[in-house]
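Remember, it's a predicted structure, so these values are computed and weren't measured experimentally. Naming convention: chains lettered A, B, ... in sequence-line order (proteins, then strands); numbering from 1 in each chain.
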Amino acid sequence: MSEWETVIGLEVHTQLLTQSKLFSGAATAYGAEANTQACAVDLGFPGILPVLNEAAVEMAVKLGLSLNSEISHRSVFARKNYFYPDLPKGYQISQYELPVVGKGYLDVLLEDGTTQRVGITRAHLEEDAGKSLHDAIEGMSGIDLNRAGTPLLEIVSEPDLRSAKDAIAYLKTLHSLVVYLGICDGNMQEGSFRCDANVSVRRKGDPKLGTRAEIKNVNSFRFVEKAINYEVERQIAILEDGGKVIQETRLYDADKNETRSMRSKEEAHDYRYFPDPDLLPLHVSAEFIDHVRKNMPELPAQKKERFKSQYELNEYDATVLSSTRELADYYENTVKLSASSAKLVANWVMGELSGALNKNNLSISESKISAELLAGLMKRISDNTLSGKLAKTVFEHMWESGKDADTVIAEQGLQQVTDDSALIKIIEEIIAANPDQLQQYRSGKDKLFGFFVGQAMKVTGGKANPQQLNDLLKKYLQGG
Amino acid sequence: MALTEKDITKIAHLARLEIVEADIPVYTNNLINLLNLIAEMNAVDTNNIEPMAHPLDKPQRLRPDVISEQNLRDYFQKNAPLAEAGLYLVPKVIE
């Protein structure tokens, strides 16, 4: 199998976070009652005229700038013609020859730790179609046009990716970017971030690309990976049998883990694009681009570098903690509120907190322990009220009860014993009760030190400050 | 520019137009004439002229991102042949 090379290019449709639609003043909110957000423009009534939404243009420019792309000063909207009940006008307004965002690139951190620069071919604005519901009414298809006209930015990559894993790394990086930029909510279940994958294989070293199949609308990262892997195996099997791959659109079936040909779409591929006579060319001025540039939020790559210098985090920690805007904000808030070491907070956020979130299948925004509460816990570690081990117990109680660290410590009596005199008293008692062990220790059996530590921890219920206990024990065992 | 009757049938199908077979030669002729006219225009040297996407040589006006449309579903659905449970109904579409 190893003589084959996989070639993948991805087309991602991101739903833009505008209030109103791309060409009409109807609302775009998800989940509204069917057809209550579909106006005459969205329904394609005679005599209607589209008027372009400025916020959508701004968002496209924002993405373009963050992909290091050329922003077209002049771009053109075109009609893509096809017939489907969820497309009332009989055409989708899209961009064809002159998209608003031109060539650029995205740097992607791959699983093996290397960075790949993935070429971006283009990104263009277009309107979404409605939804067809096939099971709602017996024998009929029901059409909900709330989504019709919702602004989409289609981001097309070069065929630069060489494995399903790399494709997922690219998608996750792009996903994080559009969420950072605040131009897309990134919700894949609701279809805000959808992916089509163009997949082909060729013999290693062959400069010519193989015939590709396009896998449509896969709605989770895991399924994209599975769909690509299935498709690669399918194509290799065909070629090794001396067959030919047909250029076609295929649908991924998650239940069966296979891709299937969508024959019905074959002949519809003649879209007869032409410039939309209802829309004038879009002019994006240098001033407009400057205005957008000035209002750009910090991007993931910039944030990672800042985390490394400001918090002295290593590459790995900085990458993980800057991977999403929510996680980064949570981390920074905790550091600020706790006034604790940035590394300590990093360890807790990536360790205990992430573990608890994963275990309960929650996202950082759904965490049972807020940044403020975690900061309270960090303070008690920093001021030695808690040892690392006790802190984990406090964390568990906080997670269960929602109470703050100080309340949990007081209720459970979990504070560390750091009072010298209390510890000395305990040590003296232990030494008095174990004369044999003391004798052996003093005659050179160093290993017995652990025995005394164990005894002291037993008496204090694990609450003795370990460093302090060690120091005091050493002193008293040697006859101090 | 040559067009065959097969092309005409395909174009009509793509546009979902039903045409009578007897009319196909007429359409073929008309469209060939149109294409010849376009070919004549294409012969003009426009190398140094930036193409216009629209006869009004003006840029697109932009609209602020504001919700300005009310829910007029019931009104619009009076115009639909079939609607139920808020949905527009069409003959079953099977993928």
Per-residue contact mode, [X] against chain B (heavy atom under 4.5 angstrom):
| X | answer |
| --- | --- |
| A:F23 | backbone |
| A:L282 | both |
| A:P85 | side chain |
| A:S132 | neither |
| A:L22 | backbone |
| A:L98 | neither |
| A:V57 | side chain |
| A:A32 | neither |
| A:Q37 | neither |

Could you state the interatomic distance from [atom1] ([X]) to [atom2] ([Y]), rounded to the nearest 0.5 Å?
| X | Y | atom1 | atom2 | value |
| --- | --- | --- | --- | --- |
| B:L82 | A:M140 | CG | CE | 4.5 Å |
| A:F83 | B:H13 | CZ | NE2 | 10.0 Å |
| A:L280 | B:K58 | CG | NZ | 8.5 Å |
| A:N53 | B:L62 | CG | CG | 8.5 Å |
| B:L89 | A:I143 | CG | CD1 | 8.5 Å |
| A:L279 | B:Q60 | CG | CD | 5.0 Å |

Any chance [atom1] of [X] has more than 12 other-residue heavy atoms, nucleotides or ligands included, within less than 6.0 Å?
| X | atom1 | value |
| --- | --- | --- |
| B:Y27 | OH | no |
| A:E190 | CD | yes |
| A:E97 | CD | no |
| A:Y273 | OH | yes |

Side-chain touch [X]/[Y], heavy atoms, less than 4.5 angstrom:
| X | Y | answer |
| --- | --- | --- |
| B:V93 | A:S141 | yes |
| A:D270 | B:K10 | yes |
| B:R61 | A:V51 | yes |

Next on the checklist: Please check: side-chain N/O of B:R63 versus main-chain N/O of A:S24, any donor-acceptor pairing under 3.5 Å?
Outcome noted: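 Pair found, side chain donor or acceptor close to backbone of A:S24.
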Item to check | Backbone N/O of A:A38 and side chain of B:R73: donor-acceptor pair under 3.5 Å | outcome: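 No, because the side chain of B:R73 does not come within donor-acceptor range (under 3.5 Å) of the backbone of A:A38.
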Checklist entry - What closest approach, in Å, do A:N35 and B:L87 show between heavy atoms, and which atom pair accounts for it? => result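 Scanning both residues completely, I find the closest heavy atoms to be ND2-CA, 3.6 Å.
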Item to check | For chain A, the option from B:P59, B:A85, B:P64 that forms the most heavy-atom pairs under 4.5 Å | outcome: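 Counting heavy-atom pairs under 4.5 Å, the top option is B:P59.
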Item to check | Worked check of side-chain contact (heavy atoms from CB on, under 4.5 Å) between A:L43 and B:Y88 | outcome: CA-CA 11 Å; A:L43 296 173; B:Y88 294 92; 3.6 Å; yes
Checklist entry - Among side-chain atoms of A:S20 and B:D65, is any donor-acceptor pair under 3.5 angstrom? => result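 A pair is found: one side chain offers a donor N or O, the other an acceptor, under 3.5 Å apart.
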Next on the checklist: Is B:L72 in contact with chain A via its backbone, its side chain, both, or neither, using a 4.5 Å heavy-atom distance?
Outcome noted: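 When you check distances to chain A, no heavy atom of B:L72 falls under 4.5 Å.
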Checklist entry - Given a strict heavy-atom distance threshold of 4.5 Å, which part of B:V90 is in contact with chain A: side chain, backbone, both, or neither? => result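 Interface part for B:V90: both.
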Item to check | Verdict with supporting geometry, A:R74 and B:E50, side-chain contact (heavy atoms from CB on, under 4.5 Å) | outcome: CA-CA 12 Å; A:R74 179 177 174 278; B:E50 198 186 325; 3.7 Å; yes
Next on the checklist: Please evaluate residues B:N79 and A:F45 with respect to the criterion side-chain contact (heavy atoms from CB on, under 4.5 Å), reporting the C-alpha separation (whole Å), side-chain torsions for both, the decisive distance (0.1 Å), and the verdict.
Outcome noted: CA-CA 10 Å; B:N79 206 35; A:F45 271 46; 3.8 Å; yes
Item to check | Contact winner vs chain B - A:P277, A:A56, A:A78, heavy-atom pairs under 4.5 Å | outcome: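 The answer is A:P277.
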Item to check | chain B contacts, top residue of A:P275, A:G130, A:A27, A:G90 (heavy-atom pairs, under 4.5 Å) | outcome: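 Of A:P275, A:G130, A:A27, A:G90, A:A27 has the most heavy-atom pairs under 4.5 Å with chain B.
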